[in-house]
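In what follows, a structure is listed as structure tokens, so that the remarks can point back to it.
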Amino acid sequence: MLFNFHTYHIDEVFCLLNVDMDKRLDDYPHQVKLSVGIHPWKVNDGWEKTFENVSNVARKDEVWAIGECGLDKVRGEAFSRQMEAFKAHIHLSESVEKPLIIHCVKAVDEVLALRHALNLRCKKTAKEPQPWVIHGFRGKPEQAKQLMTKGLLLSFGHQYNIETLREVFTSCRPFFLETDDLPLSVRQIYAQVAHHLDVDVGRIEHLCDPLQTIFRQRAF
Ligand SMILES: [Zn+2]
């Protein structure tokens with residue numbers, strides 16, 4: 001099945017729509033699954049208030065993931081505040097037991113350090129940490145390997161490093177595909193990825209279906 005892992009526009013296929021916290025959740029069609037969070041570009045002065053709203057809706061059935069949230073050293077609010085907000089999202093993801101969708105620009109070391117700390121905390125309580133997915137991943141193969149070793153997953157948009165895509169594909173780990181803010185269907189990204197990997201789209205559909213992996217318990 002085709003699945004658009006991260007989008008700001010409702011796709012013709014199954015999609016995880018990133019919600020704008022200014023809107024009411026009821027404004028979205030019922031069948032659409034949502035992710036809720038505060039983008040690192042938007043952790044402004046009143047972010048704590050917005051985050052209360054995020055926390056209030058995070059347990060709803062139609063909310064499948066927390067995010068996008070994260071760290072961006074190129075754009076956005078003060079890094080210390082981004083960090084504070086990101087930690088709050090990590091905590092929320094663990095407490096509602098929903099995966100985290102991460103926006104990460106030039107902050108891989110910080111994300112890895114936070115994941116490492118979470119892995120240790122979870123180990124103590126014999127709890128499985130929630131999946132973390134870096135969305136719109138454009139990094140090099142070495143970086144992808146580093147992230148995957150710590151248990152992170154990757155989602156690719158229309159622009160990615162082809163070598164990295166091949167690396168992830170041969171690692172046999174699941175990965176996801178997304179359109180992000182582009183007004184197109186993820187169908188095109190599936191076709192592009194299948195072409196770059198020289199395999200059938202069916203194979204990509206199987207591999208990139210989060211209903212078989214991180215959303216398995218939600219598949220019905
Ligand atoms: Zn993003």
Side-chain angles (χ1 to χ4, degrees), residues 3-11 14-23 28 32-44 47 50-51 53-54 57-58 63-90 92-93 98-115 130-140 143-144 146-148 150 152-161 164-165 168 174-186 188-190 192-193 208 210 214-215:
F3 195 113
N4 191 342
F5 189 75
H6 178 70
T7 178
Y8 284 85
H9 307 277
I10 295 175
D11 201 338
F14 207 124
C15 65
L16 195 55
L17 187 74
N18 203 97
V19 164
D20 186 342
M21 287 311 294
D22 306 336
K23 287 197 185 138
Y28 297 96
V32 175
K33 305 308 169 198
L34 310 170
S35 57
V36 295
I38 310 174
H39 197 285
W41 298 348
K42 291 190 175 174
V43 280
N44 50 26
W47 77 270
T50 314
F51 189 72
N53 296 341
V54 172
V57 298
V63 173
W64 279 21
I66 304 303
E68 72 177 286
C69 56
L71 303 170
D72 190 328
K73 284 195 178 163
V74 175
R75 241 181 104 173
E77 299 288 335
F79 195 72
S80 56
R81 199 195 278 162
Q82 289 188 26
M83 191 61 122
E84 212 182 312
F86 186 37
K87 286 180 179 168
H89 285 83
I90 293 170
L92 180 64
S93 144
K98 293 179 183 177
L100 197 64
I101 300 178
I102 301 170
H103 171 104
C104 173
V105 176
K106 302 219 183 289
V108 166
D109 289 346
E110 286 82 356
V111 170
L112 281 170
L114 288 166
R115 180 67 192 193
Q130 286 302 308
W132 285 13
V133 183
I134 308 265
H135 100 86
F137 191 71
R138 297 182 192 182
K140 298 207 169 116
Q143 206 169 54
Q146 225 185 346
L147 289 161
M148 290 192 298
K150 285 277 182 223
L152 277 86
L153 299 168
L154 306 174
S155 173
F156 296 100
H158 91 297
Q159 276 186 324
Y160 47 78
N161 178 313
T164 304
L165 177 73
V168 177
F175 59 95
F176 309 119
L177 301 179
E178 60 173 67
T179 54
D180 201 0
D181 56 354
L182 294 174
L184 46 92
S185 170
V186 80
Q188 292 181 44
I189 317 270
Y190 273 78
Q192 179 185 316
V193 163
C208 299
I214 64 170
F215 296 138

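Numbering starts at 1 and runs along the sequence shown. Read the numbers this way: they start at 1 and go in the same order the structure lists the ligands and their atoms.
Under 2.8 Å from the Zn ion (ligand 1) lies an N/O/S atom of E68, whether from backbone or side chain. Because the distance cut-off is set at 2.8 Å, H39 fails to qualify as a neighbour of the Zn ion (ligand 1), as none of its N, O or S atoms comes that close.
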Practice task
Show the numbers, then the answer: is there a ring-ring contact (aromatic ring centres under 6.0 Å, His included) between Y8 and H6?
Solution key: CA-CA 7 Å; Y8 284 85; H6 178 70; 5.5 Å; yes
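Of all N, O or S atoms in H135, the one lying closest to the Zn ion (ligand 1) is NE2. Restricting H103 to its N, O or S atoms, the one at the least distance from the Zn ion (ligand 1) is ND1.
The aromatic rings of F176 and F5 lie parallel to each other, with less than 30° between the two planes, well short of the 60° mark.
Between F175 and C208, some side-chain heavy-atom pair lies under the 4.5 Å cut-off. Side-chain contact between T7 and V186: absent, with no pair of heavy atoms (C-beta onward) separated by less than 4.5 Å.
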